[in-house]
Amino acid sequence: MSNDQSARPQDGWARAPLARFLMANVETVDVDPEQTYPIVGVLNRGRGLLYRDPIAGSSTSYKKLNRIGPGMLVYSRLKAFEGAITVTPDDLSESFASQEFPTFVFTSDADPDFFRILTTTQRMWSALQGASKGMGGRRERVKPADFLSIDMVIPPLPVQKRIVEVIGAVDRQIAALDAEADVLDELWWALGREMVAAVAHERTVPLASFCDISGGLTKNKKDLEQPDLVEVPYLRVANVHRHHLNLAEVATIQTTKAKAEKLRLRSGDVLMNEGGDKDKLGRGYVWEDQIPGCIHQNHVFRVRVTEQRFDPYFVSAWGNTFGKEWFETFGTQTTGIASINRATLSRFPVPDVPLSVQQDWAGRLGAVVETMDSLRGQANSLRTTRASLVSGLLDESITIDTESAELEV
């Protein structure tokens, strides 16, 4: 049932059903109306547990729940085809899930930490997709018996443990870089609060008095009927974050040449989100022409500073700090979606302080962002290296010496 097509196992590596390494161990409890139950789910693509709000036994329709303990393998029967599988943390406190989440313990041939790594790989996700049965997407399920019958090539226990050591060293480095970046994020917020306090007494002017504010492209089927279509890069809300832009995945869209030219972003444009969660209103950063010819969707405002006495980086920093609370206050919310319209954004108050003061604050905050982005970039590069390393170790294109710390390619 496995999609694993690797070469014939050698040197103790075994192609075997997962039943050799795992045993079903589901413990159910009757729901007590007088009790409260900490609930977990499983994130897709092997990303670990999803910690949900506790539920009261009196408020749920479930009659039974599965107990989820530490160091167990658990997957979602309904979302297994999306890679919703993990090994629970060793320090997990008592938790529960619906009966759609079967649990398994490990045999003496298996290292739980190795299987935790295995659940983050495409080979495991592909195997789960192959084992899914049912009609149509969300109705597909992986039964525990089918899961245990999946054949996979698994290394002997000593190699499992060495792989855990090697990948663990990479994971610790990634965690250290992320922790440093988190500290800098806290510093950025502290500097932002200091900036707000320093200029709070200054006269303000509305954003529209020194900026040209424009919404982005609205998808229109009639545009696709025009003869002069061009395909251009297209920024979405998902690309626009507080004090940085995530350009790892930028979509493209077809539109007319005229609209593409009208909406083309220029270096120095301030991007600000129009909608989403209320705490994300107005967040954004300055466009630096990273992708030539790029435009933006209608849920992302383009704010173009038209007076040289204002610094775009200061305007963006002010929107991300003082603006966070201001937009939450003056934004609107319907059916769970918050938004700001152009009129609201136009009257956003910005301190009319000397350009040198703006540039000083923008420079200080920008230096923190630059270092933070560098650390995030290093962490992401290591994640890419980690994925390649795990793949190589599992398909034996990279061999590991159980007696030393050496790897051979």
Side-chain angles (χ1 to χ4, degrees), residues 1-9 13-28 39-50 62 64-69 71-89 92 95-157 159-160 163-164 167 387 390-396:
M1 298 179 62
S2 171
N3 291 325
D4 188 344
Q5 300 295 323
S6 58
R8 187 174 63 185
W13 291 63
R15 178 180 291 278
L18 290 178
R20 173 174 167 177
F21 308 97
L22 295 160
M23 295 185 299
N25 184 37
V26 178
E27 180 185 355
T28 61
I39 298 297
V40 295
V42 180
L43 295 167
N44 65 1
R45 300 182 67 81
R47 293 180 295 135
L49 291 179
L50 171 64
Y62 290 123
K64 294 180 180 293
L65 291 171
N66 285 356
R67 190 189 304 274
I68 310 297
M72 306 179 80
L73 186 143
V74 58
Y75 71 86
S76 165
R77 296 202 323 158
L78 186 59
K79 296 185 180 180
F81 72 99
E82 295 180 351
I85 183 171
T86 193
V87 174
T88 61
L92 179 69
S95 300
F96 299 87
S98 78
Q99 292 185 286
E100 290 288 345
F101 294 86
T103 52
F104 305 81
V105 294
F106 296 92
T107 70
S108 58
D109 288 331
D111 182 295
D113 291 325
F114 170 80
F115 274 80
R116 183 177 287 114
I117 294 169
L118 189 61
T119 63
T120 67
T121 64
Q122 184 63 54
R123 67 181 56 208
M124 174 61 83
W125 309 335
S126 296
L128 289 169
Q129 288 176 351
S132 295
K133 294 181 179 179
M135 294 291 292
R138 295 290 177 181
R139 288 178 289 177
E140 295 179 1
R141 280 175 167 77
V142 175
K143 297 178 180 178
D146 293 330
F147 173 68
L148 290 174
S149 69
I150 292 173
D151 281 339
M152 298 193 79
V153 177
I154 303 294
L157 190 60
V159 177
Q160 293 181 39
I163 290 175
V164 168
I167 300 303
V390 169
S391 179
L393 289 169
L394 292 180
D395 66 19
E396 299 182 82

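What's counted below: heavy atoms across the whole structure, side chains too, no hydrogens, waters or symmetry copies.
With hydrogens and angles ignored, the 3.5 Å screen pairs no side-chain donor or acceptor of D146 with any backbone N or O of A131. No donor-acceptor distance shorter than 3.5 angstrom exists from the side chain of R20 to the backbone of P17, with no hydrogens or angles considered. Looking only at distances, a side-chain donor or acceptor of T120 sits under 3.5 Å from a matching main-chain atom of I117. Side chain of T119 to main chain of G46: no donor-acceptor pair is present (N/O by atom type, distance under 3.5 Å, no hydrogens or angles).
A pairwise comparison of heavy atoms in V87 and R116 identifies O-NE, 3.2 Å as the closest pair. Closest approach of L49 and V74 over heavy atoms only: CD2-CG1, 4.2 Å. Across all non-hydrogen atoms, the minimal contact from S76 to F101 is CB-CE2, 3.5 Å. I163 and P155 get closest at one heavy-atom pair: CD1-CG, 4.3 Å. Across V142 and L128, no two heavy atoms sit closer than the pair CG2-O, 3.6 Å. Among all heavy-atom pairs drawn from A24 and L148, the shortest one is N-CD1, 4.4 Å.
Between T28 and Q99, some side-chain heavy-atom pair lies under the 4.5 Å cut-off. Between M152 and R123, the closest side-chain pair of non-hydrogen atoms falls below 4.5 Å. Proximity of I154 to Q160: side-chain heavy atoms (C-beta onward) are separated by under 4.5 Å at one or more points. L22 has its side chain within reach of L73: a pair of non-hydrogen atoms, C-beta onward, lies under 4.5 Å apart. Residues P144 and R77 have side chains in contact (heavy-atom distance under 4.5 Å, counting atoms from C-beta outward). Considering only heavy atoms from C-beta on, I39 comes within 4.5 Å of L65 through its side chain. Inter-residue side-chain proximity for M72 and V105 is flagged as met; some heavy-atom pair is nearer than 4.5 Å.
Note: W125 CH2 to I85 CD1 = 11.0 Å, rounded to the nearest 0.5 Å. The distance from the OG1 atom of T121 to the CZ atom of R45 is 10.5 Å, given to the nearest 0.5 Å. For the atom pair CD (E82) and OG (S132), the distance works out to 9.5 Å, reported to the nearest 0.5 Å. Taken from CG in L157 to CZ in F21, the straight-line distance is 9.5 Å, to the nearest 0.5 Å. If you take CZ on R67 and OG on S95, they are separated by 10.0 Å, rounding to the nearest 0.5 Å.
With sequence neighbours excluded, the residues that form a ring-ring contact (aromatic ring centres under 6.0 Å, His included) with F106 are F115.
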Quiz item: When you look at T86 and L43, which way does the side chain to side chain contact (heavy atoms under 4.5 Å, CB included) test go after all the steps?
Solution: CA-CA 8 Å; T86 193; L43 295 167; over 6 Å; no

Practice problem: Could you give me the CA-CA distance, side-chain angles and deciding distance for L118 and L394, then say whether side chain to side chain contact (heavy atoms under 4.5 Å, CB included) is met? | Solution: CA-CA 9 Å; L118 189 61; L394 292 180; 3.8 Å; yes

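A salt bridge does not link K79 with E100: every distance from a Lys NZ or Arg NE/NH1/NH2 to an Asp or Glu carboxylate oxygen is 4.0 Å or more.
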